[in-house]
Amino acid sequence: CGSTSRAAPSTPRLNGRLINLLRRSPQRCRLWLRPTPLQAMGTGVCCMQKRLDSSIDWVADVNVFTAEGVAAPVGHGKPQMARSLPSCAPSGALASSRCGPGDCGDGDGLSAEIAWQIAADRKQQVYEAASLLPVLYDVRPPEWDEAPHTGTAIHRKTQATRGLASFQKPQGVSAQERLHSYIDSLQHLSANSEAVAKVFEVFEDYMHVHLLLEHCTGGTVYERILERQYFTEQESAMLVKHMLEAILAFHDRHLYHGCLAPDSFRFLSDSPHAPLKLVDFGIELKVHRWDAVENLSGGPDLQNPHCPQFFETCRLVFCAPELAPPHQPKQKTSRGNVPVPLAADVQDWQVNCAWRVGEDMQSQDLLDGELLADVIDEHADWFNEQQQDAVCDYSRKYAAADVWSVGAIAFLLLCGYPPFFAPSRNTILGRIHRGEISFDPPFWSKISEEAKSFVSCCLRPSCWDRPSVQEALEHPWIQRLADSSPSGSMFTSFMLNLRRFYRTALIEMYVANMLARKFRREDMHDFLSRCREIDMCNTGFFTASDLKHVLSALGHSSVSEAISAKFLRAFRHPGESYIDYVALLDSIYLRQRRIFEEELWRHFQRVCQSTGRGTQENAGRLSVAELPVIFSDPVIMGLIMREIPESAGVEEAAVCQRLQNGIRQHCGDRGTTQLDFHSLAALLLKLVRTYTVPKELMWALGGTDFEAEDGLSTVL
């Protein structure tokens, strides 16, 4: 059936065995099919049964119709498989734990043998092939103001709606095993916890893993509060309690999130009493850290993760100091500009991770104390999960990071603005690492001392000094639900502050998603130049109104008008929303890279399948001799040409030849004739960035040298 998991028997082979068994005795058994309950659609159900939207529950001794059309009695015993099944587990898995072939029922054991084979097949098929996702579901992309890795999926037959979360897989073998283990734990957790969105199905291919989740339609915490006319401290305590209960279920299974934010939670429905559920599991950050640990030489920076949430200031403010990127003090250059590195400033680690070379090890400072400490902690945490060692709690550091995030969310829910907030990303990082919080009297004068005590203990700078989630749940403010707080609604300033902060978060997300699709490389340079013209003091940020003027000047008036219509007028507030345009460019760049890799992967699969190479054994791999097949595809070349500045003035044929020569030289230097897709995508991104913007355009933009020696960096 095309599954990419650790599946043993495939569906066609299983069906063949069933046919042989039925031929041996066609009048001895009957497969009774019934529709699968939606809540029972989990992992382990084979693809063919999903297409039929049915499952095999039990083998009954009932009448069947023979070839002559005469009803004939079949057997005389009880059903061989249990009828009542838990909603969180497939029926075959339960049956396989109760009996084996020939061990249950009367007669010749034929029914039990069929049931055993079906159960064994379901138990071993953990993930479905990602190619089946659009076959079974109508996949719809997220809204422009939502995270790009989310979406919705509507079942084509039952019309059941699921939430969709898609992530790129890590590259290393052990890192992928950690991802599989984490998802397996999530499935078991979500099946037994009402505070966590259920993980119904998992789809996987060489590049991605897709989770089908319980669809929560009740909106975020922001939306639910802003719909109200008033909000009390008691309601804040109740929300924080629900969040802690969701995280407690995580920590009980030795799981952690790492970067919780208010939009990590959603209400199940629009009902006033709908439960609050955790819908974001922090997988993207974990994939980055696992890859960094496994590829220490030439791998991603463990201390400075390039994940989108770390370049969105309204999400960064909730990140704990032990997982937040390092603070970079400002340094003035001779020209008076502030050199702030973009996400593209880092050597592309994917090019080197497939081929370890000696000079990489020599150039890497392996004695960096903080880096080694992080790597050791990551390995120790994984070892602890595998060995179930209850004596040494190495995961305490990451559990404490979740407590910090909940404390920061509680701060927001009490005054309307988060702690450590500032207009620029670098200033936020400085405040996070200093860990200094203050309860400003105008906004905190009506908040109880117990609430301040709860926030203070959760936001302690040292992760070892913070309470555990269980201890936080036992805090008096949570236990008594703020019964000592002043009665009545909070100050009017609470709603004003929250509306302003939420508006800024939506503008950041919306503009980054829109411009990632619209901007070319020259547009990025032009955008930066115009931002600097407005930012005369080199602060790195400006107002949302300034952003509108820049976008209109660049010809993106539709985006500018949407900002006014969707956010500025819909979330009226006397104050301005401040945008860090450097962090915004970083966020756009990361999204563009993800879009490029996903589109390239989709067309890479199409070309491989059309040439007969779309098998599981060859998935994601390409020989050097097959490069002309890839580069002869017009869609792939159009995708590559879009990454090259138009001002470079190069022809598509010349680009095609140059890219192939560069890839052949790269493989020849490393003595290999095979490329995996990760390395191919990284090489293409590196090579296309050697087509620089002409020097005269550089000087027109202020004389900034955007291209570094490796062809990947943009240094501002």
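Along the sequence shown, the residues carry numbers beginning at 1. Remember, it's a predicted structure, so these values are computed and weren't measured experimentally.
- Of the possible donor and acceptor atoms, none in the side chain of Asp138 sits under 3.5 Å from a partner among the backbone N and O of His155.
- The two residues Glu284 and Pro308 make their nearest non-hydrogen contact at OE2-CD, 3.5 Å.
- Partners of Glu143 according to the salt bridge (charged side-chain N to carboxylate O under 4.0 Å, His left out) rule, which considers only residues two or more places apart in sequence or in another chain, do not exist here.
- Counting heavy atoms from C-beta outward, Leu164 and Tyr137 have side chains that stay 4.5 Å or more apart.
- Contacts of His149 classified as ring-ring contact (aromatic ring centres under 6.0 Å, His included), with partners at least two apart in sequence or in another chain: Phe167.
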Can you list, pair by pair, the side-chain donor-acceptor contacts under 3.5 Å of residues 310-320, counting residues two or more places apart and other chains?
| unit_1 | atom_1 | unit_2 | atom_2 | d |
| --- | --- | --- | --- | --- |
| Glu312 | OE2 | Arg591 | NH1 | 3.4 |
| Glu312 | OE2 | Arg591 | NH2 | 2.8 |
| Thr313 | OG1 | Glu508 | OE2 | 2.3 |

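- Checked by atom type, the side-chain pair Glu204/His180 shows a donor-acceptor distance below 3.5 Å.
- The closest side-chain heavy-atom distance from Leu323 to Cys259 is not below 4.5 Å.
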side-chain hydrogen bond (donor to acceptor under 3.5 Å, both in side chains) evaluation trace for Ser405 with Asp402: CA-CA 5 Å; Ser405 297; Asp402 290 341; 5.2 Å; no
For Ile225 and Leu413, what are the C-alpha separation, side-chain angles and deciding distance, and is it a side-chain contact (heavy atoms from CB on, under 4.5 Å)? CA-CA 9 Å; Ile225 295 176; Leu413 296 179; 3.6 Å; yes
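- In this structure, Val511 and Ile579 have side chains that are not in contact, with every pair of non-hydrogen atoms separated by 4.5 Å or more.
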With ring pair (Phe, Tyr, Trp, His ring centres under 6.0 Å) as the test, would you mind laying out the steps for Tyr256 and Phe250 before giving the verdict? CA-CA 6 Å; Tyr256 66 91; Phe250 248 56; 9.0 Å; no
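- For the atom pair Phe604 CZ and Glu597 CD, the distance stands at 13.0 Å (nearest 0.5 Å).
- Ser190 places a side-chain N or O within donor-acceptor distance of the main-chain N or O of Gln187, the cut-off being under 3.5 Å.
- Using the six-membered ring where Trp is involved, His678 and Tyr206 have ring planes that are tilted, between 30° and 60° apart.
- Residues Gln605 and Trp601 have side chains that bring a donor and an acceptor to within less than 3.5 angstrom of each other.
- Partners of His215 according to the ring-ring contact (aromatic ring centres under 6.0 Å, His included) rule, which considers only residues two or more places apart in sequence or in another chain, do not exist here.
- Minimum interatomic distance between Ser193 and Lys198 (heavy atoms only, all atoms of both residues): O-NZ, 4.2 Å.
- In this structure, CG in Asp523 is found 10.0 Å from CD1 in Ile588, a value given to the nearest 0.5 Å.
- For Arg228, the side chain to side chain donor-acceptor pair (under 3.5 Å) partners at least two apart in sequence or on another chain are Glu235.
- Both cation-pi conditions hold for Arg162 and Phe200: the charged atom is under 6.0 angstrom from the six-membered ring centre and inside a 45 degree cone around its axis.
- Remark: Arg606 engages His603, Asp633, Val635 in a side-chain contact (heavy atoms from CB on, under 4.5 Å) (not counting sequence neighbours).
- Residues Ala410 and Val240 share a closest heavy-atom pair of CB-CG2, 3.8 Å.
- Here the side chains of Ile183 and Tyr127 are in contact, with some heavy-atom distance below 4.5 Å.
- In this structure, the side chains of His208 and Ser166 stay at 4.5 Å or more apart for every pair of heavy atoms.
- By the side-chain contact (heavy atoms from CB on, under 4.5 Å) test, Pro141 pairs with no residue at all, sequence neighbours left out.
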Step-by-step side-chain contact (heavy atoms from CB on, under 4.5 Å) determination, Gln592 to Arg517: CA-CA 7 Å; Gln592 286 181 331; Arg517 294 283 183 180; over 6 Å; no
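- Side-chain polar atoms of Tyr510 and Glu146 form no donor-acceptor pair below 3.5 angstrom.
- Side-chain contact check for Tyr502 and Asp263: no donor-acceptor pair (N or O, by modelled atom type) lies under 3.5 Å.
- Residues Arg140 and Thr152 have side chains that never bring a donor and an acceptor to within less than 3.5 angstrom of each other.
- When side chains are defined from C-beta on, Pro262 does not count as touching Thr220, because their heavy atoms never get closer than 4.5 Å.
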Verify side-chain contact (heavy atoms from CB on, under 4.5 Å) between Lys286 and Tyr182, making sure each step is shown before the conclusion. CA-CA 10 Å; Lys286 290 174 177 57; Tyr182 186 80; 3.4 Å; yes
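- Residues meeting the side-chain contact (heavy atoms from CB on, under 4.5 Å) test with Ser560, sequence neighbours left out: Lys548, Leu551, Ser552.
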Distance-only donor-acceptor hits, side chain of residues 264-281, under 3.5 Å, sequence neighbours excluded:
| unit_1 | atom_1 | unit_2 | atom_2 | d |
| --- | --- | --- | --- | --- |
| Ser264 | OG | Ala261 | N | 3.1 |
| Ser264 | OG | Ala261 | O | 3.2 |
| Ser264 | OG | Asp280 | OD2 | 3.4 |
| Ser269 | OG | Ser271 | N | 3.4 |
| Ser271 | OG | His273 | N | 3.3 |
| Lys277 | NZ | Glu194 | O | 2.8 |
| Lys277 | NZ | Glu214 | OE1 | 3.3 |
| Asp280 | OD1 | Gly282 | N | 3.3 |
| Asp280 | OD2 | His257 | NE2 | 3.2 |

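- At least one side-chain heavy atom of Ile630 sits under 4.5 Å from a side-chain heavy atom of Leu622.
- Taking all atoms of both residues into account, the shortest heavy-atom contact from Val209 to Leu179 is CG1-CD2, 4.1 Å.
- Salt bridge status for Glu227 with Arg499: absent, with no side-chain N to carboxylate O gap under 4.0 Å.
- Looking at heavy atoms from C-beta onward, Val202 lies out of side-chain contact with Glu128 at the 4.5 angstrom threshold.
- A donor-acceptor contact closer than 3.5 angstrom is absent between the side chains of Asp184 and Ser181.
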Verify side-chain contact (heavy atoms from CB on, under 4.5 Å) between Met243 and Ile409, making sure each step is shown before the conclusion. CA-CA 10 Å; Met243 294 177 184; Ile409 295 173; 3.7 Å; yes
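- In this structure Gln176 satisfies the side-chain contact (heavy atoms from CB on, under 4.5 Å) test together with Lys169, Pro170, sequence neighbours excluded.
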What verdict does the salt bridge (Lys or Arg N to Asp or Glu O under 4.0 Å) test give for Arg602 and Glu598, after you've listed the backbone C-alpha separation in whole Å, the side-chain angles of each residue and the deciding distance to 0.1 Å? CA-CA 6 Å; Arg602 184 170 67 254; Glu598 289 179 350; over 6 Å; no
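- With sequence neighbours excluded, no residue satisfies ring-ring contact (aromatic ring centres under 6.0 Å, His included) with Phe596.
- Leu212 and Ala153 get closest at one heavy-atom pair: CD2-CB, 3.8 Å.
- Pairs passing the salt bridge (Lys or Arg N to Asp or Glu O under 4.0 Å) check and including a residue from residues 242-253, sequence neighbours excluded, do not occur.
- With hydrogens and angles ignored, the 3.5 Å screen pairs no side-chain donor or acceptor of Lys518 with any backbone N or O of Val559.
- Nearest heavy-atom pair across Val469 and Leu244 is CG1-O, 3.3 Å.
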